Amino acid sequence: MDKVDMASRGDRSCIYKGRCQSHAIPMALSAAAPGKGGVLDRPVEKTTPGRQSEFDVKKKRKMTPPYRVILHNDNYNRREYVVQVLMKVIPGMTVDNAVNIMQEAHVNGLSVVIVCSQSEAEEHCTSLRGNGLRSSIEPASGGC
């Protein structure tokens, strides 16, 4: 059956009589002055019930209280291994930062690895422990 036959039967899914709607983000157009074009307003963001918009997720992420991931010194792991694990587990960790964190933990007994949200801190702490390092988390708001 071709498209013309489908259209003559009143089939709504046909491209000629289709009810296909554009799935583009709706935008409002307001005219600045006659004949001068218009200004595009901010896109209207549709959210499905029960789902948060990207803006709300970012706002919530900023509002969550920060937590510190703390690396504790131990007498079991070699310094080179600690640096490797830090670079593997913590996103964006450079060699220089990893060496400084390892050295601070070695000299002072502990060092702050990263400050992040509680859920991220728990993930990092679990990963560090899974690689044989001693670590903990604490709220970053209190203490020194």
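Owing to the predicted nature of the structure, the values given are computational and were not obtained by experimental measurement.
Scanning for side chain to side chain donor-acceptor pair (under 3.5 Å) contacts around S111 gives E104, with sequence neighbours left out. Listed by chain and residue number, nothing satisfies the side chain to side chain donor-acceptor pair (under 3.5 Å) test with T126 (two or more places apart in sequence, or in another chain). With sequence neighbours excluded, the residues satisfying side chain to side chain donor-acceptor pair (under 3.5 Å) with R79 are H106. Listed by chain and residue number, Y67, E122 satisfy the side-chain contact (heavy atoms from CB on, under 4.5 Å) test with Q118 (two or more places apart in sequence, or in another chain). With sequence neighbours left out, C125 forms a side-chain contact (heavy atoms from CB on, under 4.5 Å) with R129, S135, I137. For D74, the side-chain contact (heavy atoms from CB on, under 4.5 Å) criterion is met by Y76, N77, R134, not counting sequence neighbours.
Distance check: N73 CG to L133 CG gives 10.5 Å after rounding to the nearest 0.5 Å. The CG atom of L110 lies 8.0 Å from the CD atom of E138; values are rounded to the nearest 0.5 Å. Taking CZ of R78 as the reference point, atom CD of Q84 lies at 10.0 Å (rounded to 0.5 Å). Interatomic distance, L128 CG to S136 OG, rounded to the nearest 0.5 Å: 10.0 Å.
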Next item on the list: Go through the steps to decide whether I101 and M93 satisfy the test side chain to side chain contact (heavy atoms under 4.5 Å, CB included), and finish with yes or no.
Entry: CA-CA 10 Å; I101 291 166; M93 179 67 67; 3.6 Å; yes
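For residues 85-97, the pairs satisfying side-chain hydrogen bond (donor to acceptor under 3.5 Å, both in side chains) are K88-N131, T94-N97, with sequence neighbours left out.
Within the hydrophobic cluster formed by Ile, Leu, Val, Met, Phe, Trp and Tyr side chains joined at under 4.5 Å, directly or through other members, V107 stands alone, with no partner residue. Within the hydrophobic cluster formed by Ile, Leu, Val, Met, Phe, Trp and Tyr side chains joined at under 4.5 Å, directly or through other members, V112 is accompanied by V115.
Looking at every heavy atom in both residues, R68 comes nearest to A140 through NH2-O, 3.3 Å. When all heavy atoms of V83 and A98 are compared, the closest pair comes out as CG1-CB, 3.7 Å.
Under the side-chain contact (heavy atoms from CB on, under 4.5 Å) test applied with H124, the options V113, V69, L71 reduce to a single match, V69.
Neither I70 nor I114 shares a network with the other; the hydrophobic side chains, linked directly or stepwise wherever heavy atoms of I, L, V, M, F, W or Y lie under 4.5 Å apart, form separate groups for each.
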